> 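Structure below; questions to follow.
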Amino acid sequence: MEQLLEKYQTMGISPAVYQLGEKTIEKIRPRFDEIDKIAEYNQAKVLAAMQKNRVSAACFAGTTGYGYDDVGRDNLERVYADVFHTEAALVRPQITCGTHALTVALSANLLPGDELLSPVGLPYDTLQEVIGIRESPCSLKEYGVSYRQVDLTENGTFDYEGIQKAINEKTKLVTIQRSKGYATRPTFSVAQIGELIRFIKNIKPDIVCMVDNCYGEFVETIEPSDVGADMVVGSLIKNPGGGLAPIGGYICGTKTCVDRCAFRLSAPGLGQEVGANLGIMTALYQGFFLAPTVVAGALKGAIFAANLYEPFGYNCVPNATESRHDIIQAVELGSEDAMIAFCKGIQAAAPVDSFATPLPWDMPGYNDKVIMAAGAFIQGSSIELSADGPIRPPYAVYFQGGLTWLHAKTGILMSLQQLVDAKLVEL
Ligand SMILES: *Cc1c(COP(=O)(O)O)cnc(C)c1O
């Protein structure tokens, strides 16, 4: 369409970059159809849960103070529990982010003398201080919880022998990170996670298996809680918030685990009874309702990026043809300059703060300098189009989100344009 090309040109996208984008999209159409099918299933799943729990206007009323008898809050937790097929759920604006949700889940279910095991290598950067892998006041380590880790094998699979050896009488909880985070290992499918959980429970049935589900929600038709996870944990400013949730985190799981989480989050004895919703229930319900299609758009963007960048020789994780288990696309750009150029493009494409220039900085909770491009309606929301990465080899940029596929497309085209303009890529 002539008109569209002209519009893109006024935004700085050259005809050559646009045409390359169109050719790439033609190639991946069948995969878009598959994504839409998964979204359709998940949409039905969320819709059915809302209908079953008789969501009504009364659920959207704001509460303040203690938040006793908060109908909307309590019902949203039932909706989440039904979608994740768990006995219970804790879904709260008082959970400030994903790291906080994971911290609550861990510290509520680990006691002094217990051991935590990660059978999937080093956990996400911010969790390292939570666990005490990097020293921090109030870490689990400081409270007498020990930690053990089994790295993945060289080809990114579970080291079953190592895991078997690592499990001992102290092992209380296993943390399984679904998404690769800031690593270049593969993201696990829900089926793979199920296999790992079965293996662990065979050795020691009473181990609590927790899955860090960040970025994984609604990518497949099943969730880790469908394959034996005792707790699945995530952030509402990622997938399940659908871009509308202004804050929050969730923990879905067994009643025993979730009750403990609620006691940890508020206070022993109070648990889920307190916690006012502060008037954000509409956003949490509506965001959850939109989440399956928002995730589908983000997935399309990720696949588009891999297929656009891989032909230039950049290693992409996952690669252009692999199946997807989260919304993150890593592109190994090989240099700090290329990371900056990529992020500039994403930033320039944003609806908010498009005039800002992203630069590497020392972000709290992270060990290396981090560059972040985000022009989000909700601060730090990474279901919105965003790109970030630690400044360290292989200089990978982690690209994710896009509230709509079309915005993701624009951002990716603008990132490539920046690399072309900086003469880092030749068309
Ligand atoms: C984002 C993320 C977290 C932490 O979430 P925040 O909301 O940034 O605190 C934890 N684990 C994984 C895998 C993540 O992607």
Side-chain angles (χ1 to χ4, degrees), residues 90-107 116 118-131 133-134 136 140 149 152 156 174-190 192-193 210-219 223-224 229 231-243 245-251 265 284 287 291 295 298-299 302 317-318 324-330 361 363-367 370-374 376 378-390 396-401:
L90 186 65
V91 186
R92 301 283 165 134
Q94 286 80 14
I95 301 178
T96 54
C97 60
T99 305
H100 187 197
L102 289 156
T103 303
V104 168
L106 290 171
S107 53
L116 167 67
S118 170
V120 297
L122 196 62
Y124 189 77
D125 296 55
T126 57
L127 284 181
Q128 295 170 18
E129 278 164 299
V130 173
I131 296 167
I133 299 169
R134 279 186 282 131
S136 170
L140 289 169
Q149 176 180 315
L152 297 171
V174 163
T175 177
I176 302 167
Q177 186 179 308
R178 176 174 176 180
S179 171
K180 63 178 126 1
Y182 286 142
T184 44
R185 57 114 161 142
T187 289
F188 308 121
S189 69
V190 174
Q192 281 174 304
I193 290 171
M210 181 193 87
V211 175
D212 174 351
N213 208 23
C214 282
Y215 292 127
E217 300 91 352
F218 298 128
V219 172
E223 299 291 339
M231 284 188 285
V232 287
V233 183
S235 163
L236 299 197
I237 63 167
K238 292 179 180 173
N239 303 16
I247 191 170
Y250 76 89
I251 300 167
L265 179 66
L284 298 198
V295 168
L299 272 173
V317 184
R324 300 277 155 164
H325 308 292
D326 67 11
I327 62 165
I328 301 182
Q329 180 61 54
W361 67 297
M363 193 177 161
Y366 294 83
N367 218 6
V370 175
I371 186 162
M372 295 205 147
I378 306 291
Q379 187 196 85
S381 166
S382 47
I383 186 62
E384 298 188 47
L385 187 67
S386 49
D388 45 54
V397 114
Y398 296 78
F399 165 92
Q400 66 266 315

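The first residue of the sequence shown is numbered 1, and numbering continues consecutively from there. In listed order, ligands and their atoms are each counted from 1. The model shown is predicted, which means the values in this text are computed figures rather than measured ones. What you see below is based on every heavy atom in this structure, not just the backbone, and it leaves out hydrogens, waters and symmetry mates.
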> Of the protein's non-hydrogen atoms, which lies at the shortest distance from atom 13 (C) of ligand 1, and what is that distance?
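Protein heavy atom at minimum distance: D212 OD2, 3.4 Å.
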
> Can you tell me how far apart CD1 (I247) and CG (L236) are? Round to the nearest 0.5 Å.
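One gets 9.0 Å once the value is rounded to the nearest 0.5 Å.
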
> With rounding to the nearest 0.5 Å, note down the distance linking OG in S235 to NE2 in H100.
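Spacing of OG (S235) from NE2 (H100) equals 12.0 Å.
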
> Taking 4.0 angstrom as the limit and counting only heavy atoms of Y215, give me the atoms of ligand 1 inside it, by number and element.
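The atoms of ligand 1 under 4.0 Å from a heavy atom of Y215 are 15 (O).
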
> Could you tell me which atoms of ligand 1, counted from 1 in the order shown, lie closer than 4.0 angstrom to a heavy atom of K238?
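Per the distance check, 1 (C), 2 (C), 3 (C), 4 (C), 5 (O), 14 (C), 15 (O).
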
> Which atoms of ligand 1 are found less than 4.0 Å from any heavy atom of Q177?
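Matching atoms, with element in brackets: 13 (C).
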
> Where do I328 and Y215 come nearest, in terms of heavy atoms and distance?
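Looks like CD1-CD1, 3.1 Å.
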
> Using the six-membered ring of Y398, assess whether NZ or CZ of K238 lies under 6.0 Å from its centre and within 45 degrees of the ring axis.
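So K238 doesn't make the cation-pi contact.
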
> Determine the minimum heavy-atom distance between A302 and R324, stating which atoms define it.
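Where A302 meets R324 most closely, the heavy atoms are CB-NH1, 3.7 Å.
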
> For ligand 1, does L102 get within less than 4.0 Å through its side chain, its backbone, both, or neither, judged by non-hydrogen atoms?
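Just the side chain.
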
> Salt bridge between K180 and D326, side-chain N to carboxylate O under 4.0 Å?
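The answer is yes: the pair qualifies as a salt bridge.
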
> Specify the protein heavy atom at minimum distance from atom 6 (P) of ligand 1: its residue, its atom name, and the distance to 0.1 Å.
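Protein heavy atom with the smallest distance to atom 6 (P) of ligand 1: G98 N, 3.5 Å.
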
> Below 3.5 Å, N or O to N or O, backbone or side chain included: is there any such pair between T99 and ligand 1?
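Yes, since at least one N or O of T99 sits under 3.5 Å from an N or O of ligand 1.
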
